[in-house]
Amino acid sequence: MERTLILLKPDCIQRRLVGAIVQRFEQKGLRLAGMKLVQVSHSLAEQHYAVHKGKPFYESLLQFLTSGPTLALVLEGREAVAVARSLIGATDGTKAAPGTIRGDFALSVQNNLIHGSDSPENAAAEVALWFKPEELVSYQPVDSSWIGGR
Ligand code: DAT
Ligand code: MG
């Protein structure tokens, strides 16, 4: 079953939107495999956003991600990476479609509330960066025949 890494970034925690946003993933049918509140270190932020190193917004992005607590989640389900990205919406809150998380709650580009892995390969690497194997929980979902498993 596919897994994806989701981060509810410091603006999400400060704005008390955790419940509203986690609810969207749960109601879609994705399930929790891991969850922890983290004060992100500069080093973890650098590793997570290494692909953006050298871009004009990189330093500001690191400052933002380390400015307060982040809730890290691993979500599991059929096509979890693509499904989560489509629920999240476009990067720029002003362009994200209504009905998406960023479309409904974000106006900023940088402070866009949430991160979601962008490919299954990156998801595997990001899950390994943020979680130890023993922090992830495997269990038999009781509703998979209704939700659509595999
Ligand atoms: P996404 O988070 O949609 O995958 P991304 O990987 O291109 O977007 O960029 C990572 C984060 O960097 C993004 O969530 C917000 C910030 N960012 C991206 N482009 C930016 C820009 N032009 N100005 C300021 N921040 C930006
Ligand atoms: Mg990205």
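For ligands, and for the atoms within them, numbers begin at 1 and follow the listed sequence. Because the structure is a prediction, the values reported are computed rather than measured.
T91 OG1, 3.6 Å is the protein heavy atom nearest to atom 1 (P) of ligand 1. Counting only heavy atoms of the protein, atom 2 (O) of ligand 1 lies nearest to R102 NH2, 3.0 Å. Here the heavy atom of the protein found nearest to atom 22 (N) of ligand 1 is F57 CD2, 3.8 Å. For atom 5 (P) of ligand 1, the nearest non-hydrogen atom of the protein is H52 NE2, 3.6 Å.
Separation of atoms CD (E46) and OG1 (T66) is listed at 10.0 Å; rounding is to 0.5 Å.
Taking a 6.0 Å sphere around NZ of K95, one finds it holds 12 or fewer heavy atoms contributed by other residues, nucleotides or ligands.
Proximity of L61 to ligand 1, defined as any heavy-atom pair under 4.0 Å, is confined to the side chain (atoms from C-beta onward). For V109, heavy-atom contacts with ligand 1 shorter than 4.0 Å involve the backbone as well as the side chain. When heavy-atom distances to ligand 1 are checked against a 4.0 Å cut-off, R85 comes that close only through its side chain, counted from C-beta outward. With a 4.0 Å cut-off on non-hydrogen atoms, H115 does not touch ligand 1 at all.
Side chain of E76 to main chain of A33: no donor-acceptor pair is present (N/O by atom type, distance under 3.5 Å, no hydrogens or angles). A distance-only check finds no donor-acceptor pair linking the side chain of N122 to the backbone of S117 [under 3.5 Å].
For N111 and K9, the side-chain atoms include no donor-acceptor pair closer than 3.5 Å.
T94 approaches L107 most closely through the heavy-atom pair CG2-O, 3.1 Å.
Residue-to-ligand polar distances keep Y49 apart from ligand 1: every N/O pair is separated by 3.5 Å or more.
A salt bridge is absent between E26 and R31; no separation between the charged side-chain nitrogens and carboxylate oxygens falls under 4.0 Å.
Residue contact check: N112 has heavy atoms under 4.0 Å from atoms 13 (C), 14 (O), 15 (C) of ligand 1.
Between W130 and H48, the ring planes are perpendicular. Angles over 60° get that label, and only those under 30° would be called parallel.
Residue contacts with ligand 1 include K9, since one or more of its heavy atoms lies under 4.0 Å from the ligand.
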